[in-house]
Amino acid sequence: MPLERIFSSLNISATGLSAQRRRMDQIAQNIANAETTRTEEGGPYKRKFVVTAEAPVTVFPKYFENAIHLERTDGNHFKDEPIRDQMPVPSGTEVVETAVDQSPPRLVYDPTHPDANAQGYVAMPNVNVLTEMVDMISATRAYEANTTALNASKDMTRKALEI
């Protein structure tokens, strides 16, 4: 197996962990502001969500390879070098942006609230705590899957070094 493939599996898992952590941070912020009716931008808090995509090809394996200074000790090691330079190395997930949910705010009748309008309705954030909890469970499961993949990659690398 080319060296980039071994390190790319670690890189893919690491980028997945980072993306899921950002997702969980955003969900926590949404839940914390589920009752915020007044923001600096004016109006109620608007739900935000993280948009992820496939990351462009990076040179992470080369950095890693240079950092640990791997050297060829046998002519049979890394014998596919001309081919490996032509093969794209997968690079994982990246956070593209933090988008704002444009759905309208919920209107709640509460004439005693300081932000109530003339009819007594308060514009509440468009955050549904139940939806946020489902997203949080999804992000947690994805984080766990990336951790499992990372540990499997480490075990495979360790076993390969024992050969």
Side-chain angles (χ1 to χ4, degrees), residues 2-68 85-157:
L3 199 55
E4 287 87 9
R5 299 289 176 194
I6 294 171
F7 295 138
S8 71
S9 64
L10 296 173
N11 185 40
I12 290 169
S13 296
T15 59
L17 289 170
S18 178
Q20 296 309 320
R21 183 191 55 79
R22 291 267 314 265
R23 206 171 139 207
M24 285 193 272
D25 288 347
Q26 191 58 58
I27 292 167
Q29 184 179 1
N30 287 341
I31 292 172
N33 288 298
E35 300 292 325
T36 303
T37 58
R38 201 178 304 173
T39 62
E40 291 180 6
E41 297 84 30
Y45 175 81
K46 292 183 179 179
R47 178 180 181 264
K48 297 179 180 91
F49 56 95
V50 172
V51 178
T52 59
E54 180 182 353
V57 174
T58 64
V59 291
F60 172 78
K62 288 288 182 196
Y63 286 131
F64 200 69
E65 188 175 332
N66 291 338
I68 60 175
D85 289 339
Q86 299 169 8
M87 298 175 64
V89 177
S91 57
T93 304
E94 73 173 351
V95 174
V96 176
E97 67 174 323
T98 301
V100 177
D101 186 350
Q102 296 299 327
S103 62
R106 293 179 293 125
L107 292 178
V108 175
Y109 183 73
D110 184 5
T112 61
H113 195 282
D115 293 328
N117 62 15
Q119 290 81 31
Y121 287 97
V122 180
M124 300 295 287
N126 58 357
V127 175
N128 182 338
V129 176
L130 188 61
T131 302
E132 299 299 323
M133 294 302 289
V134 170
D135 285 349
M136 187 171 68
I137 290 170
S138 172
T140 302
R141 296 287 184 247
Y143 193 91
E144 290 171 354
N146 280 300
T147 303
T148 301
L150 182 70
N151 288 332
S153 295
K154 285 181 358 189
D155 289 343
M156 286 189 291
T157 303

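By the salt bridge (charged side-chain N to carboxylate O under 4.0 Å, His left out) test, Arg106 is found to be paired with no residue, residues two or more places apart in sequence or in another chain being considered. Taking the salt bridge (charged side-chain N to carboxylate O under 4.0 Å, His left out) definition, one finds that Arg22 meets it with nothing, sequence neighbours left out. Not counting sequence neighbours, Thr147 has no partner by the side-chain hydrogen bond (donor to acceptor under 3.5 Å, both in side chains) test. With sequence neighbours left out, the side-chain hydrogen bond (donor to acceptor under 3.5 Å, both in side chains) criterion links Ser103 to Asp101, Asn126.
Of the possible polar contacts, none joining the Ser18 side chain to the Ala14 backbone as a donor-acceptor pair under 3.5 Å is found. For the pair Ser138 (side chain) and Val134 (backbone), a donor-acceptor distance under 3.5 Å is absent.
Contact between Thr52 and Ala19 at its shortest, heavy atoms only, is CG2-CB, 4.1 Å. Between Leu17 and Asn146 the shortest heavy-atom distance is CD2-CB, 3.7 Å. For the pair Thr37 and Ala123, the tightest heavy-atom approach, listed with the atom from each and the gap, is CG2-O, 3.8 Å.
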Problem set entry | side-chain contact (heavy atoms from CB on, under 4.5 Å) evaluation trace for Leu10 with Leu150 | CA-CA 6 Å; Leu10 296 173; Leu150 182 70; 3.6 Å; yes
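Expressed to the nearest 0.5 Å, how far OG1 of Thr98 lies from CD of Gln26 amounts to 5.5 Å.
In the displayed structure, Glu35 atom CD is contacted under 6.0 Å by at most 12 heavy atoms of other residues, nucleotides or ligands.
The stretch residues 93-119 participates, sequence neighbours left out, in these ring-ring contact (aromatic ring centres under 6.0 Å, His included) pairs: Tyr109-Tyr121.
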Let me check something: any side-chain donor-acceptor pairs from residues 43-50 under 3.5 Å, sequence neighbours excluded? List them with distances.
from	atom 1	to	atom 2	distance (Å)
Tyr45	OH	Asn30	OD1	2.7
Arg47	NE	Glu132	OE2	2.4
Arg47	NH2	Asp135	OD2	3.0

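Between Thr140 and Met24 the shortest side-chain heavy-atom distance falls below 4.5 Å. With contacts defined as side-chain heavy-atom distances shorter than 4.5 Å, the pair Asp25/Gln29 does not qualify. Residues Ser9 and Met156 are not in side-chain contact: their nearest non-hydrogen atoms beyond the backbone lie 4.5 Å or more apart. Side chains of Ile31 and Ile27 form a contact here, defined as non-hydrogen atoms less than 4.5 Å apart.
Judged purely by distance below 3.5 Å, without hydrogens or angles, the side chains of Arg23 and Gln20 pair a donor atom with an acceptor atom.
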